[in-house]
Amino acid sequence: MSDDLAAVALRLRPARMNDNELVFFDHQRHESWILYPPRSRYTFLNRPLPNLLIVEHRPWTTSVPTKQHLIRLPEGCVEHGIACAAQAAIRAAAALGWDPFA
């Protein structure tokens, strides 16, 4: 993991964890990262493919919109590839023993 990703992963604090989601708070940056694994039963999710991990980046301000990242296990983020900022949240989830791709 790059130094930047490692630093971000260390700042992330789990706020809620269950089979449907894992929510991280980053108090330093005033933002949240929410991971919705393929096993999530939430009906409000717009998942174009059943095996995608959805990661939402939510700044704690209304002036910056929420960004949704669609992650495939072998390729990474559909839009940003393996260098996506969501990788830090995925690695932090794995460090907790929470499988983001199950």
Side-chain angles (χ1 to χ4, degrees):
M1 178 176 355
S2 76
D3 290 339
D4 290 341
L5 284 178
V8 173
L10 289 174
R11 282 198 321 265
L12 298 177
R13 298 290 172 238
R16 182 173 47 239
M17 182 169 52
N18 57 48
D19 281 345
N20 293 308
E21 67 183 351
L22 173 54
V23 179
F24 286 111
F25 288 165
D26 184 338
H27 292 280
Q28 181 180 341
R29 295 221 174 147
H30 300 101
E31 60 189 16
S32 300
W33 291 90
I34 306 169
L35 288 73
Y36 300 105
R39 69 179 172 272
S40 180
R41 295 184 187 264
Y42 288 153
T43 58
F44 63 84
L45 294 172
N46 182 15
R47 193 184 311 270
L49 295 171
N51 62 344
L52 289 177
L53 166 66
I54 298 172
V55 180
E56 284 185 1
H57 175 235
R58 292 188 178 195
W60 297 348
T61 177
T62 57
S63 63
V64 179
T66 297
K67 174 79 174 159
Q68 192 174 79
H69 302 268
L70 303 175
I71 313 290
R72 291 187 203 141
L73 184 57
E75 295 95 23
C77 180
V78 171
E79 185 178 346
H80 306 109
I82 202 72
C84 181
Q87 288 295 326
I90 294 167
R91 291 173 190 246
L96 289 173
W98 191 85
D99 185 350
F101 292 100

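Note that the coordinates shown come from a computational prediction; the quantities given were computed from them, not determined experimentally. Side chains included, hydrogens not; waters and symmetry mates left out as well; all remaining heavy atoms used.
Applying the ring pair (Phe, Tyr, Trp, His ring centres under 6.0 Å) test to every pair with at least one member in residues 74-102, sequence neighbours left out, gives these pairs: His69-His80. Residue pairs meeting the salt bridge (charged side-chain N to carboxylate O under 4.0 Å, His left out) criterion with at least one partner in residues 55-64, sequence neighbours excluded, are Glu56-Arg58.
Residues satisfying the side chain to side chain contact (heavy atoms under 4.5 Å, CB included) criterion with Pro59, sequence neighbours excluded, are His57, Thr61, Val64. Among residues two or more places apart in sequence or in another chain, the side-chain hydrogen bond (donor to acceptor under 3.5 Å, both in side chains) test is passed with Arg72 by none. Remark: Glu79 pairs with Lys67 by the side-chain hydrogen bond (donor to acceptor under 3.5 Å, both in side chains) rule, at least two apart or across chains. For the side-chain hydrogen bond (donor to acceptor under 3.5 Å, both in side chains) test, no residue two or more places apart in sequence or in another chain qualifies with Thr62. Remark: Arg47 engages no residue in a salt bridge (Lys or Arg N to Asp or Glu O under 4.0 Å) (not counting sequence neighbours).
Among all heavy-atom pairs drawn from Asn18 and Asn20, the shortest one is OD1-N, 2.8 Å. Heavy atoms only, all atoms of each residue included: Ala89 and Phe24 are closest at O-CE1, 3.5 Å. The minimum heavy-atom distance between Pro38 and Pro50, with the atom names listed, is CB-O, 3.4 Å. Heavy atoms only, all atoms of each residue included: Ala102 and Pro37 are closest at O-CB, 3.8 Å.
In the hydrophobic clustering, Leu52 connects to Val23, Phe25, Ile34, Tyr36, Tyr42, Phe44, Leu45, Leu49, Ile54, Trp60, Leu70, Val78, either directly or through intervening members, whenever side-chain heavy atoms lie under 4.5 Å apart.
Put simply, CZ on Arg39 and CZ on Arg41 are 11.0 Å apart, with the number rounded to the nearest 0.5 Å. The structure places CD1 of Ile90 at 5.0 Å from CG of Leu53, a figure rounded to the nearest 0.5 Å. Rounded to the nearest 0.5 Å, atoms SG (Cys77) and CD (Gln68) are 10.0 Å apart. Residue Asp99 holds its CG atom at 11.5 Å from CG of Leu22, rounded to the nearest 0.5 Å.
No donor-acceptor distance shorter than 3.5 angstrom exists from the side chain of Arg16 to the backbone of Glu21, with no hydrogens or angles considered.
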